[in-house]
Amino acid sequence: MDCETDFQDPFQPELISSDQPLPSLMGLIAGSAQSAEEIENCQTWLSCHRLWGQLPAEVLAAIAQALHPFRVEAQTLIYQAGHPATGLYLLKWGAVEIDRSSAIGNALIRQRSAGDLFGYVSLMAQGDRGQHQTQAIALTACELWFLPQAQFCQLMQQYAEIEHLFNGLLAQDLNVFSARIAQEQRRIQGLQTYLQAVPRGKVILGTSKFSQKLRDFVDQAAATAQPVILQAPPGSGKTFLAGQIHGRSGLAEHPFVELDCAQLPRLADGRLNTDVLFGRGGGQPGLFELLERGTLLLDNASVLSREDQQRLGDYIKTGGILPNIDPLEPDQRPQPAPSWVRLVLASADRMALPEVDVLRFKVFNLPQRKADIPDFAQSFLTRFCQDQNRPPLSLDQADLRRMISYDYPGNLSELAEILHRAVIMTPPGQTVIPEQALWSVQSAKNAFRVDLLTQVPWLRQVLLSRWYPEGLWIVMMALFVPVTLAGFLGPQTRDSSVTLNFFWAWWWPGYLFFFAFIGRLWCAVCPFMITAEWLRRLSLRLFPRQQLPWPTRWLNRWGAWVLFGGFGVIYLWEKLWDLPHHAYLSAWLLLAITAGAVIFSQIYERRLWCRYLCPIGGMNGLFAKLAMVELRSTQPVCGSQCSTFGCYRGSGATPVTFADALPIEGQATAGCPLYSHPAQLQDNRDCVLCMTCLKACPHRSVQLNLRFPASDLLDNHQGSGAEAALLLLLLGGVLMHHSQQVLGWLGFSGVAMDAGHLGISTPIALALLSIPAVLTYGTHAIARRLDPAQPAYLTVIYAYLPFTLAANLAHYIPAAMTEAGQILPVLARTLGYSGAGLPTLTWSADVAQFLQGVTLLSALAFSPYPLLRITQRPLLSNLPHLVLMVGLAGCFFQLLL
């Protein structure tokens with residue numbers, strides 16, 4: 001069964017094609033001959049009629065014998081305009097509406113009630129004028145008599161009384177029709193300002209669940225006469241939706257009118273003047289009276305007074321609209337006037353019409369319908385390009401991502417305006433809208449950010465390729481394995497061990513330096529992780545098994561503290577056993593970290609060690625918050641376009657549909673190794689830049705943004721106690737590295753700090769590591785006393801993160817300047833050669849000190865900005881912390897320079 005042909009709209013009578021006028025009624029009438037008793041009853045009824053009763057009995061008998069009785073249901077089309085007149089209709093009981101087409105839709109000519117005649121005007125016309133100029137619709141169930149044209153003409157010729165009767169009727173109808181035409185002109189003029197085009201042939205766009213619900217609601221509303229209340233924000237397409245309901249209903253041939261109640265003028269007492277809506281006693285019609293039949297959309301209906309809203313509720317219940325009182329005749333109370341107008345009330349706020357049966361629907365704003373933005377954008381572009389007679393334009397994937405990310409305060413209206421402006425700004429000959437034409441589309445989250453994957457196209461290809469990052473793993477392991485073995489098997493002194501040179505002169509300073517630029521990139525090519533990953537793959541191939549899921553609740557609570565403890569142990573080991581000058585101990589440190597990664601990768605899935613327990617990884621995640629790059633994805637794109645979530649949980653290859661897609665996008669992946677979803681990342685801590693999400697994403701949602709340094713700390717940063725403790729530990733580590741100078745200042749220059757004196761060395765080392773915690777906590781207590789509105793200590797402490805990174809980097813700069821360039825002679829001596837004559841590249845200690853000073857001063861100059869942004873307090877309120885930063889800078893100058 002075809003639902004479109006079988007569905008019967010309760011407002012829409014069955015229309016009959018013009019080449020077969022009303023066959024169903026004709027068949028019904030043809031089989032409706034009257035019995036003798038029925039003819040007698042009919043003659044009696046006619047004799048009592050106000051018109052037929054004027055005729056002689058023999059004429060009434062002839063008419064009664066010629067009439068054919070039939071019944072019709074409500075909303076049945078009895079005849080329609082343009083069809084030939086086939087006979088005369090006499091309404092025995094019921095109500096019939098006669099209307100005709102006008103400039104604003106069907107206009108009511110007259111309503112017929114019991115005993116009325118209709119259809120005779122066209123019947124008595126000659127030639128082409130013998131066609132109906134109006135249409136007749138049964139408003140209720142009706143019983144009628146039908147007098148066929150041939151018999152009518154025969155009776156007219158036979159009885160002159162009938163002709164005289166109808167001539168009088170025609171004269172009366174001519175006067176009524178003339179008055180109605182004049183009224184129609186006034187009606188058209190009164191409605192002209194408020195008329196809206198009906199969106200015929202257009203559909204409700206979108207693939208989201210909301211759009212499907214909206215389509216279902218429009219179908220439901222179009223199939224009933226109930227009033228509709230739309231709770232919809234400005235710019236969300238209320239006029240379009242109301243027009244869709246109107247155009248699909250039985251009122252489609254009648255006018256569709258909109259009134260913005262917020263634009264109504266106000267009276268002297270501040271109340272809204274609603275004369276234009278309700279009309280006014282004394283003859284001023286309102287929209288209800290002018291419209292007669294159709295759909296009236298009242299936008300911002302919530303601004304109407306409680307009394308006016310009550311009048312609307314009374315109209316819905318009774319069908320009568322009460323006009324306003326004429327101020328010139330306040331004693332004359334107008335009576336409710338009947339109306340057949342369907343109401344659609346729209347408001348941004350919820351409206352309550354008590355004891356009224358209405359259909360309600362809440363229209364979401366555009367940011368809540370992100371999945372529909374591509375369809376809306378394409379529809380608007382097609383329309384605007386057609387309006388300008390230019391070839392169709394499209395959006396590339398990066399710009400579409402921007403469109404989806406934007407918040408659209410003006411909803412659909414703003415989206416349309418943006419694209420209209422973009423079409424105008426796009427030069428002729430281009431097929432893709434340029435980025436500059438969308439200058440106003442900028443998500444707040446992407447402010448002061450540049451997507452490197454869009455601005456540097458070759459970078460996307462590099463990061464999507466098979467060699468990143470796993471192609472680099474081979475290079476990394478080719479260095480890590482021999483360097484670690486050399487620590488056990490080779491020379492042990494600093495000037496002869498390639499292990500010590502690589503680890504302390506190359507890795508530490510270079511590693512710390514690049515944090516400010518590339519964040520946690522090291523973790524993507526970390527040899528500890530590579531070893532664990534390769535052994536895991538081998539183990540699973542030899543012994544297939546299901547690895548354990550992460551104990552996430554325990555790790556979230558205690559994992560960072562375990563990491564903090566591990567780093568503290570490393571610091572004590574490094575200081576008391578002098579790891580920077582013992583190659584085999586440095587090699588043992590590398591193996592210990594690798595062992596942790598291997599053990600946990602054999603037990604648990606993915607890289608639990610890297611995210612929660614690795615001491616180096618914890619430091620990486622902390623300093624990565626200062627980086628000038630970030631990897632994020634567009635939350636609205638992920639939420640509205642993605643159904644596989646391959647970036648997070650892994651998936652097979654996903655087809656990519658956009659025009660400029662690369663064949664290597666949408667790859668099969670095992671998901672993020674750290675179980676991080678790029679759309680949920682709040683900072684850089686849990687992103688290792690492995691690009692798994694970039695490879696998996698088929699929608700180009702992933703962005704590699706260039707941003708302002710330390711952006712993670714500036715807005716709504718969420719820290720933790722364990723992470724703050726690690727920050728203070730790293731800052732105290734610089735003091736511990738220079739323990740002899742610090743102890744000399746305190747008058748304890750003779751105290752030994754080595755493994756041979758653990759009883760005294762360990763407490764002193766722990767005390768040195770805790771100095772920053774004591775100083776910063778005391779300083780914050782003073783700041784809170786000066787300004788109680790200062791945020792919590794664990795929030796403010798992150799303002800010291802740039803200074804912590806700078807101090808650690810400054811500590812390792814001398815090794816980088818004076819030792820790293822001797823790598824070739826050191827490598828030769830590790831292999832048993834003298835190394836004499838091999839090239840070196842080193843700088844003097846003066847250059848190293850200059851760079852140390854620049855590093856510390858840069859951090860000191862930069863740190864006040866994140867401090868002020870984090871505390872959101874005036875400069876004077878942060879004075880204690882600023883004084884401490886200056887003091888720490890002076891202290892490190894004395895220690896390092």
Side-chain angles (χ1 to χ4, degrees), residues 8-16 21-29 32 42 45-46 48-52 63 66-102 105-125 130-149 152 165-166 169-170 172-177 179-181 183-184 225 249-254 291-294 319 337-342:
Q8 294 296 319
D9 190 318
F11 271 97
Q12 184 67 51
E14 181 183 359
L15 298 179
I16 309 300
L22 305 172
S24 58
L25 285 182
M26 292 300 100
L28 182 64
I29 294 170
S32 60
C42 179
W45 189 92
L46 291 174
C48 298
H49 191 268
R50 57 187 175 82
L51 291 176
W52 299 111
I63 294 174
L67 291 176
H68 298 266
F70 67 98
R71 293 187 179 186
V72 294
E73 298 297 327
Q75 302 302 321
T76 301
L77 180 63
I78 300 173
Y79 62 76
Q80 66 186 98
H83 282 196
T86 58
L88 171 72
Y89 298 88
L90 173 60
L91 182 60
K92 184 177 180 182
W93 54 262
V96 173
E97 178 181 278
I98 311 296
D99 56 31
R100 67 188 293 271
S101 178
S102 74
N106 289 347
L108 176 66
I109 296 298
R110 196 165 185 178
Q111 282 195 10
R112 300 294 185 177
S113 56
D116 284 348
L117 294 166
F118 58 94
Y120 53 84
V121 175
S122 302
L123 192 63
M124 299 180 68
Q131 293 182 346
H132 289 296
Q133 303 300 310
T134 61
Q135 67 179 15
I137 301 175
L139 294 180
T140 65
C142 300
E143 183 174 343
L144 303 98
W145 279 300
F146 176 72
L147 182 59
Q149 181 180 17
F152 174 73
L165 176 66
F166 278 95
L169 286 175
L170 287 174
Q172 294 177 18
D173 284 346
L174 179 60
N175 293 331
V176 172
F177 187 76
R180 179 59 192 176
I181 292 299
Q183 180 183 349
E184 184 67 13
S249 73
L251 297 172
E253 300 304 321
H254 296 274
L291 190 53
E292 293 179 350
R293 185 183 295 276
S339 179
W340 294 268
V341 173
R342 189 210 190 137

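For clarity, every value in this text was computed on a predicted model and none was experimentally measured.
Closest non-hydrogen pair, Leu251 versus Arg342, comes out as CD1-CB, 3.7 Å. Of all heavy-atom pairs between Leu77 and Gln80, the closest is CD2-OE1, 3.5 Å. Of all the heavy atoms in Trp93 and Ala141, the pair that sits closest is CZ3-O, 3.1 Å. Minimum heavy-atom separation, Trp145 to Phe70: C-CE2, 4.4 Å. Between Ala138 and Val72, the shortest heavy-atom contact is CB-CG2, 3.8 Å. Closest non-hydrogen pair, Ala136 versus Phe118, comes out as CB-CE1, 4.1 Å.
Glu97 contributes atom CD, which lies 10.5 Å from atom OG1 of Thr134 (distance to the nearest 0.5 angstrom). Ile78 CD1 to Ile137 CD1: the interatomic distance, rounded to the nearest 0.5 Å, is 9.0 Å. Separation of atoms CZ (Arg293) and CD (Glu253) is listed at 13.0 Å; rounding is to 0.5 Å. Interatomic distance, NE2 of His254 versus OG of Ser249, reported as 9.0 Å (0.5 Å rounding). For the atom pair CD1 of Ile98 and CG of Asp116, the computed distance is 9.5 Å after rounding to the nearest 0.5 Å. From Leu147, atom CG reaches atom CD1 of Ile63 across 7.5 Å, with rounding to the nearest 0.5 Å.
Atom CD of Glu73 is surrounded by 12 or fewer heavy atoms from other residues, nucleotides or ligands within 6.0 Å.
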Report the C-alpha separation of Tyr89 and Val96 in whole Å, then their side-chain angles, then the decisive distance to 0.1 Å, and conclude whether the side-chain contact (heavy atoms from CB on, under 4.5 Å) test is met. CA-CA 11 Å; Tyr89 298 88; Val96 173; over 6 Å; no
Let me see the working for Phe166 and Leu88 under side-chain contact (heavy atoms from CB on, under 4.5 Å), right down to the final yes or no. CA-CA 11 Å; Phe166 278 95; Leu88 171 72; 3.7 Å; yes
Run Tyr79 and Thr86 through side-chain contact (heavy atoms from CB on, under 4.5 Å) and show every step you take. CA-CA 9 Å; Tyr79 62 76; Thr86 58; over 6 Å; no
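Judged by distance alone, the side chain of Thr140 and the main-chain N or O of Gly94 form no donor-acceptor pair under 3.5 Å.
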